[in-house]
Structure formats: C-alpha cells, structure tokens
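Note sheet for the following structure.
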Amino acid sequence: TRKSRPQRLLKAVEGKATLGDPQSVITAIDHFCRHKEWAMNVGDEKGSILDSLVIELSPVNVLELGTYCGYSTVRIARLLPPGARFITLEFNPDYAAVARQVIGWAGLEDKVQLVEGASGDWIPRLREHFGVQMFDLVFLDHWKDQYLPDTKQLEECGLIQKGTVLLADNVICPGTPDYLKYVRNSPHYDSRYYRSHLEYTKVEDGLEKSVFLGF
Ligand SMILES: CCc1ncnc2c1ncn2[C@@H]1O[C@H](/C=C/CNC(=O)c2cc(-c3ccc(F)cc3)cc(O)c2O)[C@@H](O)[C@H]1O
Ligand SMILES: [Mg+2]
C-alpha cells in the first residue's frame, strides 16, 4: 500500500539528514514540509519561539502531548540539560513508529521516553510509573479539544505545580478556545500569547505560554 505522509516524511529525513545530527533532522523535515508536503509539525517559526523558551527554562522534567512524527520532540530534546527527563505521549502506533525513527536518526533516543497510549490514560500513571513528581514544562500539541481536559487532569494529579510552564501550540489555528479562556481567565495562571504563523504558511497562529502560580 502507498506510504503514509509520516512515512514519506521519514524517507525525507533518511535521505537528507546526517545520522546523529538533530539540526539536520529539523532542517530536512522543514524542507520537506515547505517544498514537498505540508505536515502539522510546529515548524521553524514557532519552533524558534519554542527553542528560546526551552533554553530560558532549562527544564528538568518535560512532558509533550502528541508526538506525531517527533519534530518538536527533537527540537526540545536537543536543548535539554544532561539528566533531564522527557516523556512524550502518542496514541497512534503508526505515528509512534515513525517518531521513534526520527528521534533515533537525531541520536536523541536516550533523552526521550516515547509512551504509546492516550494522554488521559497515562497522566494518572506518570508519577508511579516514571517516578516523576511534577513537570517544569508541558508542550501541548495533540487534539485541540484535549488541551483543557488534560490540563485539568494534570492539575488534579499534582503534576502541575507552582512554576510549571504550559506551552500550547495552535491556540489560533486550528484554535483551542476553551483552553485559552481557561488559562487566560484563571487567577492561577499567568498567560502570554506569542504571535507567529501556522507552520510553513502566512496564516496567523501562535503559542500560549501559561505559568502556573500555585493554588
Ligand atoms: C486522546 C489524547 C491523545 N493522546 C495521545 N496522543 C494523541 C492524543 N490526541 C492526539 N494525539 C496525537 O497527537 C497528534 C495530533 C495532533 C493534532 N494536531 C492538529 O490537529 C494540528 C492541526 C493543524 C492544522 C491542520 C489543518 C489546517 F488547515 C490548519 C492547521 C496544525 C497543527 O500544528 C496541529 O497540531 C497525532 O499524532 C495524534 O495521534
Ligand atoms: Mg500543532
């Protein structure tokens, strides 16, 4: 059967990137998505904002919701300090398989734990299963209607604590209206919008950074 788009994206990485070089993997995916086939990676423009926030935060415990092909996983993992722990959740086994190879091509497999399954099933088990107490950074980039329920579940499980930073992709396009209303109106979050563009296009989109202030 015809290869899927993630499989074609992986072929582009294998054809163009240098094994063990994360930047070449990022460049290969961006080139493929800009010139061959669009794909829903955070992209280079929003990716630069993501990079600067990761560098500034220097997080020890990171959670990503929605791995897809592993593009943002590579962007984040390449900037983490030694000893940092990075868990990324992906429930589509085909996407997870591609992401594992993309992460492997970047030489970052030792920095990332890709967990296959639904975020809602795994969030309550992260503490006892991985021994993580709280997350310094959560990158939300999965189904847009899952951002809010998952954020509430992370709060309830005590995995979001004072200082935790939530970074949400696509708050304009496709949009996450209920999540945005929640973090912007809640007295427990200090929220800020980083205006940018939908990956590989001129359409407006952006990232919302929300710092948890404690209960
Ligand atoms: C059940 C919870 C749960 N647990 C674990 N993994 C989960 C999950 N729910 C979803 N996943 C996985 O995450 C990824 C989905 C990501 C969803 N992302 C967009 O829809 C999106 C769309 C556009 C756009 C499309 C078309 C346009 F015209 C404009 C914009 C742009 C963007 O940047 C976008 O992120 C896939 O790998 C899912 O398997
Ligand atoms: Mg996205």
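Order of appearance sets the numbers: ligands from 1, and atoms from 1 within every ligand. Throughout, residue positions are numbered sequentially from 1 according to the sequence presented. Every heavy atom of this structure was used, including side-chain atoms; hydrogens, water molecules and symmetry mates were not.
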Derivation of the side-chain contact (heavy atoms from CB on, under 4.5 Å) call for S48 and R75: CA-CA 9 Å; S48 301; R75 283 205 83 110; 4.1 Å; yes
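- Side-chain atoms of Y200 and D30 include a donor-acceptor pair closer than 3.5 Å.
- Between V115 and F130, some side-chain heavy-atom pair lies under the 4.5 Å cut-off.
- Between the R127 side chain and the L159 main chain, no donor and acceptor come within less than 3.5 Å of each other.
- Note on ligand 1: W38 sits in its first shell, one or more heavy atoms being nearer than 4.0 Å.
- Of the listed options E90, E199, K144, K46, K144 places a heavy atom closest to atom 19 (C) of ligand 1.
- Of the protein's non-hydrogen atoms, the one nearest atom 3 (C) of ligand 1 is S119 OG, 3.7 Å.
- Taking any N or O of N41, backbone or side chain, none lies under 3.5 Å from an N or O belonging to ligand 1.
- Only the side chain of Y95 comes within contact range of ligand 1, with a heavy atom under 4.0 Å; no backbone atom does.
- Set against the non-hydrogen atoms of D169, the atoms of ligand 1 under 4.0 Å away are 33 (O).
- Between L213 atom CG and D190 atom CG the span is 5.5 Å, to the nearest 0.5 Å.
- With hydrogens and angles left out, the side-chain atoms of Q146 and S119 include no donor and acceptor closer than 3.5 Å.
- The protein heavy atom nearest to atom 9 (N) of ligand 1 is W143 CD1, 3.2 Å.
- Looking only at distances, no side-chain donor or acceptor of T18 sits under 3.5 Å from a matching main-chain atom of S24.
- Within the 4.5 Å cutoff, the side chain of E37 has no heavy atoms near those of the L9 side chain.
- Of the N or O atoms in D141, one or more lie within a sub-3.5 Å distance of an N or O in ligand 1.
- By the criterion of a separation under 2.8 Å, the protein N/O/S atoms near the Mg ion (ligand 2) amount to D141 OD1, D169 OD2, N170 OD1.
- From the protein, the heavy atom lying nearest to atom 34 (C) of ligand 1 is N170 OD1, 3.2 Å.
- For ligand 1, the atoms lying closer than 4.0 Å to a non-hydrogen atom of Y68 are 37 (O).
- Distances below 4.0 Å separate heavy atoms of A118 from the following atoms of ligand 1: 4 (N).
- Checked by atom type and distance alone, the side chain of S52 pairs as donor or acceptor with a backbone atom of I49 at under 3.5 Å.
- Remark: the D178 side chain and the Y147 side chain contain no N/O donor-acceptor pair separated by less than 3.5 Å.
- Considering each of G70, G66, G117, the one bringing a non-hydrogen atom nearest atom 5 (C) of ligand 1 is G117.
- Applying the side-chain hydrogen bond (donor to acceptor under 3.5 Å, both in side chains) test between K46 and each of D141, D51, D205, N41 identifies D205 as the sole match.
- With respect to atom 28 (F) of ligand 1, the closest heavy atom belonging to the protein is L198 CD2, 5.0 Å.
- Not a single heavy atom of G43 sits less than 4.0 Å from an atom of ligand 1.
- Of the N or O atoms in D150, none lie within a sub-3.5 Å distance of an N or O in ligand 1.
- L79 CG to E56 CD: the interatomic distance, rounded to the nearest 0.5 Å, is 13.0 Å.
- Between E155 and K152 there is no salt bridge, since none of the side-chain N atoms of the basic residue sits less than 4.0 Å from a carboxylate O of the acidic one.
- Ligand 1 lies less than 4.0 angstrom from a heavy atom belonging to P174.
- Checking side-chain atoms of E208 against main-chain N and O of V171 turns up no donor-acceptor pair under 3.5 Å.
- In terms of protein heavy-atom proximity, atom 1 (C) of ligand 1 is closest to F91 CE1, 3.3 Å.
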